[in-house]
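Below you'll find the structure, written out as structure tokens, and then a few comments.
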Amino acid sequence: MKKLEQLKQFILRLKQKNPRPQGKSKKAFSFKDFYTKILPWFDVFALLNWGLLMVKYRFTGQLQLLIHPNYFTLVLITGIVLIALSGIRTWQLLKQLRRGGSREPEVRHITIFPPGVATALLAIAAIAGLIVPPKVLASDTALQRGITESLPFTRTQVQSFTSRIKPEDRSLMDWIRTLNAYPEPDAYTDLPANVTGFVVHIDSLPEDYLMISRFVITCCAVDAYPVGLPVKLPSTRDQFPPDTWLKIEGVMTTEELNGERRLVINAIDANKIDTPSNPYEF
Amino acid sequence: MSQLYNAFTLFLSLLVEAIPFLLLGVLLSSALLFFVDERQLISKMPRNPLLGSFVGSCVGFLFPVCECGNVPVARRLLTQGAPTSVAIGFLLAAPTINPIVIWATWVAFRDQPEIVVFRIIFSLFIATTIGWIFSFQKDPRPLMQTELAKRVINRLTASSNRDSENTPALLRSGTFLLAKSGTPVLMEEQALAATLTKNKPKTFDRNKLRLFLDTVIQEVRELGGMLVLGSAIAASIQVLAPRELILNWGQDPITSILAMMVLAAVVSICSTVDAFFVLAFSSAFTTGSLLAFLVFGPMIDIKAIGLMLSIFKPRIIIYLFAIAAQLTFVLTLSYSYFF
């Protein structure tokens, strides 16, 4: 409710800053000119930017940092439709310009935004998106959201759960899935493990332990859910700062951590790797 | 700084996910404007408030849109003179009572079909009840944002004239009323006039295409602006309030329901995918609280409040919010109690 009040205040302030024009303006460049000539182009600009942003995300692969691949086509189509909309609009406006007739003022049916503000918000968001690339979520988010071994049931889980994958080929996600299907850690003792993920330091674990983690996305980055397994290192974890991406080779063991029996990767080898282009699991 | 960057990424993620659905909703509602004779649709709506809100809740079945897409449709229904009960029933139920969402919920909860069934029943019940409550306000205008309310005026005059004379012919000649008014003729009305005079809703000439485009761009601009604000707020809350805090809060029947409702409002996830999201909590939380998430989330969340502000005054949204929250709480608690 407080947020709502703040929003209301914000909008009121905006309204005060941009009062609606009362009658005719005496300036050479009137508000009417602004409404009828500039604003339509501003709309075109905002739509075009959003279209470009979506198409850009799709083709640079940044889209997978934001949403689940199931929606890729939807986003691409939306981008194309937005670009097409701005194209048709441009054509219309140009035709009007050539005819010389000024466009009759567009009907204002703005409800709470003064004219131009909504377009500005859209345009600013799109331009910011075009300039600043999305971030790969990292250990701070993982800690905030609470890292676990239990799996959010994703859409893909039903199809892809299988224990037929050889242990050394299982990804971190495969291990988590297997563990969810059969949670007894002793069942996996001495199986080879070979996983990649990013480092999370958990204070409650001893000095030579870290969590190797991945984010799982059900729908979009908003619901990214961290999963991970504890790794026992030959030395302290200080050489691997949080957010480092590691390739861990080792064997599975069972350890008692914080009074709980857990599956732990006993690392034989840990190598730093670059952040993969597809950091999330789906 | 890192927090800000996280929030920005989440913000973009919300927008990229929601804009396709918003566009779909806008395209649908604008197409509705040109291909469906809403006056006929609305005149077929039952006038009985209870029945009206129930029918409104079920209309969602015709429009497979989530909560980002149903606002433009509900808004259109209201300005076209649909009874308040129908519009509010639609607004609250449409994100849940539609084929895509029901299918998605069923896919997610195949093992627990009762969740699917009760999600539908509770959503229908709450939407119908709230629609019914609001039907006591016959004239929707005082509830709505002033600018939007102005657009309803002509319609109501037209419809009261129509009712008093009770001749179907007048149904088609509402145009002169609009021309008489001093304000610029609203474009929907022009479009409607075009449809009505020709009385062939399926024709599609160049002028109509222009009007269609105008409507689409206006709606995208306006609702998009709201969506940007709503997503910004939702993303900041996500980053500032640790999700663990919300989760630790709820283990028993009552607080788990409250926790899930807060989570639903904060996460602002689209109703087409929320079933998959909530599955993640199915081991730690009571079935009642999962239901609370699934019923409450599509009706009210931070992102949607932004969009609803384009229809209603803030006070009305607070009422909607409060009543929906209480009903969800009581219903899901009684579910936990009885099953």
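Note on naming: letters A, B, ... go to the chains in the order of the sequence lines (proteins, then strands), and numbering restarts at 1 for each one. Just so you know, these numbers come straight off a predicted model, no measurement behind them. Computation of the quantities below employed the complete heavy-atom set of this structure, encompassing side-chain atoms and omitting hydrogens, waters and symmetry-equivalent molecules.
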Is there a donor-acceptor pair closer than 3.5 Å between any side-chain N or O of [X] and the backbone N or O of [Y]?
X	Y	value
B:T105	B:V101	yes
A:Y280	A:L137	yes
A:S213	A:G228	no
A:Q64	A:S277	yes

ring-ring contact (aromatic ring centres under 6.0 Å, His included) against A:F215, all qualifying residues, sequence neighbours excluded: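 With neighbours one apart ignored, the set is A:F198.
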Which residues pass the side-chain hydrogen bond (donor to acceptor under 3.5 Å, both in side chains) test with A:D243, sequence neighbours left out?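 In terms of side-chain hydrogen bond (donor to acceptor under 3.5 Å, both in side chains), with neighbours along the sequence ignored, A:D243 is linked to A:S139.
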Portion of [X] that has a non-hydrogen atom of chain A nearer than 4.5 angstrom:
X	result
B:V16	both
B:S2	both
B:V220	both
B:L10	both

With respect to chain B, which residue among A:V136, A:V81, A:L74 yields the maximal number of heavy-atom pairs within a distance under 4.5 Å?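 Counting heavy-atom pairs under 4.5 Å, the top option is A:L74.
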Identify which part of [X] has an atom lying under 4.5 Å from any heavy atom of chain B, answering side chain, backbone, both or neither.
X	result
A:L63	side chain
A:L122	both
A:A120	neither
A:V44	neither

Of all of B:L14, B:I19, B:L27, which one pairs up most often with chain A through heavy atoms under 4.5 Å apart?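 Of the options given, most contacts go to B:I19.
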On the 0 to 90° scale, with breaks at 30° and 60°, tag the A:Y71-A:H68 ring pair as parallel, tilted or perpendicular.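 A:Y71 vs A:H68 ring planes: perpendicular.
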